[in-house]
**Q** 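Below is the structure I would like to discuss, written out as structure tokens.
To find a chain, count down the sequence lines: A is the first, B the second, and so on, and within it residues start at 1.
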Amino acid sequence: MSLEKFMNEAISPWMRHEGPDSDIVLSSRIRLARNFSLEPFPTVAEEGPLEDVLSFMEDNFTNVSFRDYERFQMVKMKDLEPIEKRVLVEKHLISPHLVENAESAATIISENEQVSIMVNEEDHIRIQLYFPGFQLDKALEQTSQLDDWLEEKIDYAFDEERGYLTACPTNVGTGMRASVMMHLPALAITQQMSRMTPAINQLGLVIRGIYGEGSEAVGNLFQISNQITLGKSEEDIVEDLHSVVRQLIEQERKARQTLLNRSPVQLEDRIFRSYGLLKHSRVITSKEAASCLSDLRLGIDLGFIKDIPRTILNELMVLTQPGFLQQYAGEALGAGERDMKRATLIRERINLEDED
Amino acid sequence: MQCQRCQERPATVHLTQVINGKKNEVHLCDQCAKEQGYMNYEEESFSLNDLLSGLFHMEGGKSSELFKENKKPKADLQCPTCGLTYQEFTRSGKFGCATCYETFNERLNPVLKRVHSGNTKHHGKIPKRAGGNLNVRKDIERYKESLHQLIKQEEFEEAAKVRDQIKTLEEELNQGKGGDS
């Protein structure tokens, strides 16, 4: 069935595995910004030097494997259709900024899609590595080894005093952005998120919604990451982030328990209403879908709903984004058509589970 | 596209005016646009870049001074490698190459302090090749500290071992230097 095949492409292979604390933490990511020492940064460079960087990366790091990350493939932005680029952004394999630099921008992706090395984004290279669940330490260790392996061939821009030199002063030093994607429905339902934010910010960390604009976090999915990259070691940054995430996990578990104790019927009702909407709607906006998917996932985590895998939230959140919907439909769709297509896709996907 | 007015610089301001159904297009460079009154700093939209570049202007305290016409910032430093000027850097908030860090070094600390909670020095990973002998030098520093500690605690046997390690590393360092030159 074509839907099944497409789904396989929609969620990255590594997302199928569950990691530690994966009832709350969806994924952990480490990103390192690096530059070639002698080439101008993509912020000012002409096509010539950027092409040099691109072909160097292509010659040295495609069709190779690093440990478990096998068969690196280069995907060039100029070879992609606009919808295909959008799909890569929605899968978080590339940044929206990479798409803007189309001419000599590319990404190198491992077969399991855990590794993505963006070439000619704001910096010459942005190495990113994903792990399922809460595995920051492991992600840091592996990313650092991948970084060492790249450095065997690349002359990095590095300064004793300032560290790794980056195009933006906000990344200089370690060049590292560590982040954790969390599903925090109970904290959101009990309206405790705004209480957490100031404390998190004080520690040099930022929390923001992954989907949605402004302070609104559609689907109750949040990303927490470090803001400071200079003056602290990679290990210390990760440790700070680790301890905050650990506390958020505890708070979220407590809030879930409180909801279960105080209003079990209301909670169950909310979960099954959302389940019903997903199963039967004919038209659904991305916002409504996200909020129902969040409830469904909470229902799975709390044991109200069985036989549906947890990863359905990650999967359908990506699958129902505009780029994916259009890729799946094979044509450009207006907003109204997308809402219909989205409802169909979610229905088919959930019924697929029911049949099993 | 060239600026319509000066015919020299590239046009960066594009304006389409429709008056009584008549369309009129204007393409100017920054400077001409300002002189013609098309641009007004207060009215420009505020982006993240502005926020960031705003940090650079706070340096001297009298931030608006820099913006006033006929008042150019001190000396317009220019990076010898990529040609980025300090003024361009403050506008975009982005460096152009690794050498920019040296070129603008003197003016960087206040900016970095603001962005990184008061920090201006790297304390993290050192790359194996690009870091040169920095890794060895840091090791020697660490050993010297523990040597101090051991002597204070009168653990002379251990201290002697550490001293030998320092010696070995220092020799390694000197040999490395000899090999390079």
**Q** If you count heavy-atom pairs within less than 4.5 Å of chain A, which of Ala130(B), Ala98(B), Pro127(B), Cys82(B) leads?
**A** Pro127(B)
**Q** By a 4.5 Å heavy-atom criterion (distance strictly below it), what part of Glu235(A) contacts chain B: side chain, backbone, both, or neither?
**A** neither
**Q** Using heavy-atom distances under 4.5 Å, tell me whether Ile154(A) contacts chain B through its side chain, its backbone, both, or neither.
**A** backbone
**Q** Between Glu102(B) and Asp159(A), is there a side-chain heavy-atom distance shorter than 4.5 Å?
**A** no
**Q** Just wondering, more than 12 heavy atoms not from Gln153(B) lying within 6.0 Å of its CD?
**A** yes
**Q** Could you look at Asn35(A) and say if it's the side chain, the backbone, both or neither that has a heavy atom under 4.5 Å from chain B?
**A** neither
**Q** Using a 6.0 Å cut-off, check whether atom OH of Tyr143(B) has over 12 heavy atoms from anything other than its own residue.
**A** no
**Q** Picking from Ser144(A), Gly204(A), Gly175(A), which has the most non-hydrogen pairs under 4.5 angstrom with chain B?
**A** Ser144(A)
**Q** Can you name the salt bridge (Lys or Arg N to Asp or Glu O under 4.0 Å) partners of Arg137(B), sequence neighbours left out?
**A** Glu160(A)
**Q** Check whether any side-chain heavy atom of Leu230(A) lies under 4.5 Å from a side-chain heavy atom of His122(B), and answer yes or no.
**A** yes
**Q** Can you give me the closest heavy-atom contact between Ile228(A) and Ser117(B), atom names plus distance?
**A** CD1-OG, 2.9 Å
**Q** Looking at Phe95(B) and Phe41(A), what are the two nearest heavy atoms and their distance?
**A** O-CD1, 3.6 Å
**Q** Picking from Ile237(A), Leu38(A), Thr229(A), which has the most non-hydrogen pairs under 4.5 angstrom with chain B?
**A** Thr229(A)
**Q** Taking side chain as everything from C-beta outward and backbone as N, CA, C, O, which of these in Ser37(A) sits under 4.5 Å from a heavy atom of chain B? Side chain, backbone, both or neither.
**A** backbone
**Q** Please check if the side chain of His116(B) supplies one atom and the backbone of Pro169(A) the other of a donor-acceptor pair under 3.5 Å.
**A** yes
**Q** Answer with side chain, backbone, both or neither: which region of Thr120(B) has an atom nearer than 4.5 Å to a non-hydrogen atom of chain A?
**A** both
**Q** For atom CD of Glu239(A), decide whether the heavy atoms of other residues, nucleotides or ligands shown that lie under 6.0 angstrom number more than 12.
**A** no
**Q** Are there more than 12 heavy atoms of other residues, nucleotides or ligands under 6.0 Å from atom CD of Gln202(A)?
**A** no
**Q** Is it true that, when you exclude His148(B) itself, more than 12 heavy atoms of the residues, nucleotides or ligands shown sit nearer than 6.0 Å to its NE2?
**A** no
**Q** With side chains defined as the heavy atoms from C-beta onward, is the minimum distance between Arg162(A) and Leu112(B) less than 4.5 Å?
**A** yes
**Q** What residues form a side chain to side chain contact (heavy atoms under 4.5 Å, CB included) with Arg208(A), not counting sequence neighbours?
**A** Gln223(A)
**Q** I'd like to verify something: which residue of Leu165(A), Val44(A), Asp147(A) has the highest number of heavy-atom pairs under 4.5 Å with chain B?
**A** Leu165(A)
**Q** Go through Glu161(A), Gln227(A), Glu39(A) and name the one with the most non-hydrogen pairs under 4.5 angstrom from chain B.
**A** Glu161(A)
**Q** Below 4.5 Å, heavy atoms only, C-beta onward: do Tyr164(A) and Lys125(B) meet side chain to side chain?
**A** yes
**Q** Evaluate whether atom CD of Glu157(B) has more than 12 neighbouring non-hydrogen atoms of other residues, nucleotides or ligands under 6.0 angstrom away.
**A** no
**Q** Any side-chain heavy-atom pair from Arg129(B) and Asp155(A) closer than 4.5 angstrom?
**A** yes
**Q** Chain B: which of Glu122(A), Lys232(A), Met176(A) shares the most heavy-atom pairs with it under 4.5 Å?
**A** Glu122(A)
**Q** Quick one: are Asp236(A) and His123(B) in side-chain contact, heavy atoms under 4.5 Å?
**A** no
